[in-house]
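Below, all heavy atoms of this structure are taken into account, side chains as well, without hydrogens, waters or symmetry copies. This is a predicted model, so every value here is computed, not measured.
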Amino acid sequence: MTKFITLLILFFGLCAVNTFSQSQNLSFRDAKALCNRVSEIKEFPRGWGEKGVDPAWDALVDAGEAVVPCLIDKITDTTVMPDPRCPRFTDELKVGDTAYFILVNILKIGFVELLPIDVQEKYKSEGAYAYHEYVERKGKRKELQSKLREWYRKKQSA
């Protein structure tokens, strides 16, 4: 019986490692295809670690850092999509915003960590509205995208 339990644990451990390594070794084309699913997300999970709420969200989060570069590229995508948050904040959520929410989750960074200090301060009282007000100003999506690229490059080289 002990051998059976040991083999069972070993089997599940190897499956977990294999799943993790597959998610991290996506081809550029596969990562890009996953990134194009950002606009398919219908509902965010209530808790960041929750699974099974939305298949597009799950696929992107499971892909992990393999999709980070293309998600950063999506930050400037201003295509309007239905707001997957619950409760819904707006009818004007952009694909770039959803990409940012996924990035924050994958990279485990604070929601406003890379935003200017004044936006971080506003966030304390206004929540996500401070983020939205910031990115809707001319050139700010591009600025956020540049900060994310720089931050991610430094993280990779560390």
Side-chain angles (χ1 to χ4, degrees), residues 15-16 18-116 118-156:
C15 287
N18 187 39
T19 301
F20 177 76
S21 66
Q22 285 177 355
S23 71
Q24 299 300 313
N25 293 322
L26 290 176
S27 71
F28 175 78
R29 194 172 94 216
D30 290 342
K32 195 79 166 158
L34 270 177
C35 280
N36 288 333
R37 295 188 62 195
V38 168
S39 62
E40 294 176 21
I41 296 173
K42 303 288 184 246
E43 185 177 352
F44 286 165
R46 302 292 183 270
W48 289 120
E50 186 180 358
K51 296 265 190 189
V53 174
D54 187 284
W57 171 275
D58 290 348
L60 285 155
V61 171
D62 287 346
E65 289 200 31
V67 293
V68 166
C70 60
L71 286 172
I72 292 172
D73 290 344
K74 286 252 181 234
I75 295 294
T76 55
D77 185 341
T78 57
T79 306
V80 175
M81 65 177 284
D83 189 346
R85 294 172 289 188
C86 185
R88 304 210 186 295
F89 277 62
T90 179
D91 292 328
E92 294 290 316
L93 189 72
K94 309 296 189 312
V95 169
D97 299 324
T98 302
Y100 181 70
F101 300 150
I102 298 165
L103 275 167
V104 166
N105 182 281
I106 290 171
L107 296 172
K108 308 289 186 241
I109 58 175
F111 186 72
V112 293
E113 185 177 324
L114 299 176
L115 301 178
D118 63 316
V119 179
Q120 292 179 27
E121 287 300 314
K122 270 186 165 178
Y123 181 76
K124 292 175 185 174
S125 59
E126 297 177 21
Y129 294 108
Y131 160 82
H132 287 290
E133 181 184 305
Y134 167 72
V135 294
E136 290 305 318
R137 289 185 281 181
K138 186 176 174 79
K140 297 305 178 183
R141 284 183 188 278
K142 194 80 168 152
E143 181 179 288
L144 177 58
Q145 185 182 58
S146 295
K147 283 183 182 179
L148 279 162
R149 279 191 181 124
E150 181 182 334
W151 180 89
Y152 190 61
R153 259 194 300 272
K154 286 179 183 176
K155 180 186 179 298
Q156 284 186 306

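For the pair Leu114 and Leu144, the tightest heavy-atom approach, listed with the atom from each and the gap, is O-CD1, 4.4 Å. Closest approach of Ala128 to Arg85, counting heavy atoms only: CB-NH1, 4.1 Å. Taking all atoms of both residues into account, the shortest heavy-atom contact from Phe111 to Tyr123 is CD2-CE1, 3.5 Å. Here the closest heavy-atom approach between residue Gln145 and residue Asp73 is recorded as NE2-O, 3.1 Å. Residues Phe44 and Val53 approach most closely at O-CG1, 3.9 Å, considering heavy atoms. Heavy-atom minimum distance, Cys70 versus Ala31: SG-O, 3.4 Å.
Side-chain contact between Lys74 and Asn36 is present, with heavy atoms from C-beta onward closer than 4.5 Å. Residues Tyr152 and Val68 meet the side-chain proximity criterion, which asks for heavy atoms closer than 4.5 Å.
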Query raised in the report: Where do Ile41 and Ile102 land on the side-chain contact (heavy atoms from CB on, under 4.5 Å) test, with the steps shown first?
Result: CA-CA 11 Å; Ile41 296 173; Ile102 298 165; 3.5 Å; yes

Report task. Apply the test side-chain contact (heavy atoms from CB on, under 4.5 Å) to residues Val80 and Leu93: give CA-CA distance (whole Å), side-chain angles for both, the deciding distance (0.1 Å), then the verdict. Result -> CA-CA 6 Å; Val80 175; Leu93 189 72; over 6 Å; no

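A donor atom on one side chain and an acceptor atom on the other are found under 3.5 Å apart for Glu143 and Tyr134.
Formation of a donor-acceptor pair under 3.5 Å by the Glu121 side chain with backbone atoms of Asp118 is not found in this model. For Glu65 (side chain) and Leu107 (main-chain N/O), no donor-acceptor pair under 3.5 Å exists by modelled atom type. Glu43 places no side-chain N or O within donor-acceptor distance of the main-chain N or O of Pro84, the cut-off being under 3.5 Å. No side-chain donor-acceptor contact under 3.5 Å links Asp77 to the backbone of Val95.
Under a 4.0 Å N-O distance rule, the pair Asp83/Lys42 does not qualify as a salt bridge. Using a 4.0 Å cut-off between a side-chain N of Lys or Arg and a carboxylate O of Asp or Glu, Glu150 and Lys155 do not qualify as a salt bridge.
Considering Asp54, Leu34, Asn105 in turn, Leu34 is the only one that fulfils the side-chain contact (heavy atoms from CB on, under 4.5 Å) rule with Leu60.
Between Tyr131 and Tyr100, the ring planes are parallel. Angles under 30° get that label, and only those over 60° would be called perpendicular.
Residue pairs meeting the salt bridge (Lys or Arg N to Asp or Glu O under 4.0 Å) criterion with at least one member in residues 27-39, sequence neighbours excluded, are Arg37-Glu40. Note on residues 93-102: pairs passing salt bridge (Lys or Arg N to Asp or Glu O under 4.0 Å), not counting sequence neighbours, are Lys94-Glu136, Asp97-Arg141.
Taking CD1 of Ile109 as the start and CG of Leu103 as the end, the distance is 7.0 Å to the nearest 0.5 Å. For the atom pair CD (Gln156) and CH2 (Trp151), the distance works out to 9.5 Å, reported to the nearest 0.5 Å.
Residue Lys140 qualifies as enclosed at atom NZ: its count of foreign heavy atoms under 6.0 Å is above 12.
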